[in-house]
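None of these values were measured; they are calculated from a predicted model.
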Amino acid sequence: MDTQGSPGDVCKLEFAVQMTCEKCVHAVNSSLQGVKGIQNVNVSLESEAVVVETTLPASEVQKLLESTGRRAVLKGMGSIRSQNLGAAVAMLAGAGSLQGVVRFLQTSENTCIIDGTVDGLSPGLHGIHIHEFGDLSMGCESCGGHYNPEGSIHGSPEQPDSHIGDLGNILASDDGRATFRIDSNRVKVWNIIGRSLVVDEEEDDLGYGTHHLSKVTGNSGKGLVCGIIARSAGLFENPKQICSCDGITIWEERDCPIAGPERKKGHTASAHL
């Protein structure tokens, strides 16, 4: 399992990038050239699209693209193989500034890439798990236990007899952001749609602790931020440039809430920038 972007299964990332001329194309290519973990780049000025074959977390590639001064929005993830075996996304929310986006991509029958960014965490390690229920009626408390269809005990994700929902720990930096990529050979996208993803307040002891909860929950404390895992578009399956219901463009959408009255206010503010 890979938690911080070391070599794993290669996937394709499709970004919409604001480009208007060949100078933009050159800048985008230069930002990705020679970067370890990036294997191939295809830039289309006509469609304002950049497709990257990489083992890096999507947020790291996005940061490189935006270092050129151009906005980049991730539109889809896919396997380097032709078939799409399944993709999903969890939009995480918690108290205050706690929020995140985690994407799941099934690149083969045996590999699921879990790629995410979570903000607002305290610096250090935090347990992350797939939970049984997609029920947020009481926040993270109503998500149930770890996804564990085989009735195993809690442990490290490297252990074949641990909970399938045991994903280990993610590391938040001093600014509270955790950027990660996990390559799992046990998680299957088609089995987790409608369940939930939860990030906990403390480090998961991976079942090695002495506390009585160690073999059940990893003794990682309460859930801080969580979201329902929903089916999502795969590579080249998201052609949207503007939302037909409220007129928000793909460039403005990142600055707006997902739904609700504040979304329209965010759109109005963006339009005057």
Decide yes or no on side-chain contact (heavy atoms from CB on, under 4.5 Å) for V61 and K63, but give the supporting numbers first.
-> CA-CA 5 Å; V61 179; K63 185 177 180 180; over 6 Å; no
Main-chain N/O of V51 paired to E14 side chain as donor or acceptor, under 3.5 Å | no
Do N191 side-chain atoms and K188 backbone N/O form a donor-acceptor pair below 3.5 Å?
-> no
Working to the nearest 0.5 Å, report the span between CD1 of I228 and CD1 of I192.
-> 13.0 Å
Donor-acceptor pair, E66 side chain versus R71 backbone, under 3.5 Å?
-> no
Do L92 and V102 have side chains that get closer than 4.5 Å, going by heavy atoms?
-> yes
Heavy-atom side-chain proximity of L85 to T107 below 4.5 angstrom | no
Would S44 and E46 count as having a side-chain donor-acceptor pair, cut-off 3.5 Å?
-> no
Crowded around R177 CZ? As in, over 12 foreign heavy atoms under 6.0 Å?
-> no
side-chain contact (heavy atoms from CB on, under 4.5 Å) partners for P149, two or more places apart = Y147, I164
Run the side-chain hydrogen bond (donor to acceptor under 3.5 Å, both in side chains) check on S214 and N219 step by step: do they pass?
-> CA-CA 5 Å; S214 180; N219 193 30; over 6 Å; no
What one should report as the nearest heavy-atom pair of S31 and T68 is CB-CG2, 3.7 Å
Please tell me if the side chains of I182 and I113 come closer than 4.5 Å, counting only heavy atoms from C-beta onward.
-> no
Would you sort out whether E150 and R186 count as a salt bridge (charged side-chain N to carboxylate O under 4.0 Å, His left out), showing the intermediate values?
-> CA-CA 12 Å; E150 298 170 352; R186 302 182 67 204; 3.5 Å; yes
Taking a hydrophobic cluster as the set of Ile, Leu, Val, Met, Phe, Trp and Tyr residues connected by side-chain heavy atoms closer than 4.5 Å, whether directly or through intermediates, do L74 and L64 fall within one such cluster?
-> yes
How long is the span from the NE2 atom in H163 to the OG1 atom in T217, to the nearest 0.5 Å?
-> 9.0 Å
Under a 4.5 Å side-chain heavy-atom rule over Ile, Leu, Val, Met, Phe, Trp and Tyr, are V198 and L171 clustered together?
-> no
Distance in Å, D9 CG paired with T54 OG1, rounded so as to fall on 0.5 Å steps = 11.5 Å
Take atom CG in D174; do more than 12 heavy atoms of anything else shown fall under 6.0 Å from it?
-> no
Per the side-chain contact (heavy atoms from CB on, under 4.5 Å) rule, which among V50, V52, V17 passes with V43?
-> V50
What heavy-atom pair brings P157 and S162 nearest, and what distance separates the two atoms?
-> CA-OG, 4.2 Å
Is there a donor-acceptor pair closer than 3.5 Å between any side-chain N or O of H126 and the backbone N or O of D200?
-> yes
Any donor and acceptor pair, going by atom type alone, linking the side chain of E48 with main-chain N or O of L45 inside 3.5 Å?
-> no
Within the distance-only criterion (no hydrogens, no angle test), does the side chain of S196 pair as donor or acceptor with the backbone N or O of F133 below 3.5 angstrom?
-> yes
For H26, look at atom NE2 and say whether over 12 heavy atoms of other residues, nucleotides or ligands are found less than 6.0 Å away.
-> no
Report yes or no: do V199 and L136 belong to one cluster of Ile/Leu/Val/Met/Phe/Trp/Tyr joined by side chain heavy-atom distances under 4.5 Å?
-> no
Would you kindly confirm whether M19 and L13 end up in one hydrophobic cluster when ILVMFWY residues are joined by side chain heavy atoms under 4.5 Å apart?
-> yes
Donor-acceptor contact present, side-chain S142 to main-chain G139, <3.5 Å | yes
Output for pair (Q106 CD, S184 OG), nearest 0.5 Å, gives 8.5 Å
What is the minimum heavy-atom distance between K12 and E53, and which atoms define it?
-> CE-OE2, 3.3 Å
D204 (side chain) donor-acceptor with S220 (main chain) under 3.5 angstrom = no
Backbone N/O of G221 and side chain of E201: donor-acceptor pair under 3.5 Å | no
Which pair of heavy atoms, one from C112 and one from V187, lies closest together, and at what distance?
-> CB-O, 3.3 Å
Verify side-chain hydrogen bond (donor to acceptor under 3.5 Å, both in side chains) between S108 and N110, making sure each step is shown before the conclusion.
-> CA-CA 5 Å; S108 71; N110 298 316; 5.2 Å; no
What is the distance from atom SG of C11 to atom CG of L105, rounded to the nearest 0.5 Å?
-> 6.0 Å
Do L32 and L65 have side chains that get closer than 4.5 Å, going by heavy atoms?
-> yes
Can you find a heavy atom in the side chain of I38 that is under 4.5 Å from one in the side chain of L56?
-> yes
Given the rule in the side-chain contact (heavy atoms from CB on, under 4.5 Å) test, do L197 and L167 qualify, once you have shown the distances and angles that lead to the verdict?
-> CA-CA 10 Å; L197 186 70; L167 302 182; 3.9 Å; yes
Where I114 and F104 come nearest, the two heavy atoms and their spacing | CG1-CD2, 3.6 Å
Should the heavy atoms of other residues, nucleotides or ligands under 6.0 Å from CD of Q39 be counted, would the total exceed 12?
-> yes
H131 ring center near H146 ring center (under 6.0 Å) | yes
State, to 0.1 Å, how close P57 and T179 come at their nearest heavy-atom pair, and which atoms those are.
-> CB-CG2, 3.9 Å
Pick from D115, N169, I128: which one makes a side-chain contact (heavy atoms from CB on, under 4.5 Å) with F180?
-> I128
Is there a donor-acceptor pair under 3.5 Å between the side chain of S152 and the backbone N or O of D161?
-> yes
For side-chain hydrogen bond (donor to acceptor under 3.5 Å, both in side chains), just list the numbers for S59 and T117, CA-CA rounded to whole Å, side-chain angles, deciding distance to a tenth of an Å, and then say yes or no.
-> CA-CA 7 Å; S59 58; T117 300; 3.3 Å; yes
Could you check F15 against Q62 for side-chain contact (heavy atoms from CB on, under 4.5 Å), going step by step and ending with a plain yes or no?
-> CA-CA 8 Å; F15 290 90; Q62 182 178 2; 3.8 Å; yes
Shared hydrophobic cluster for L224 and V118 (ILVMFWY, side-chain gaps under 4.5 Å) = yes
How many angstroms lie between OG1 in T55 and CD in E60, if you round to the nearest 0.5 Å?
-> 9.0 Å
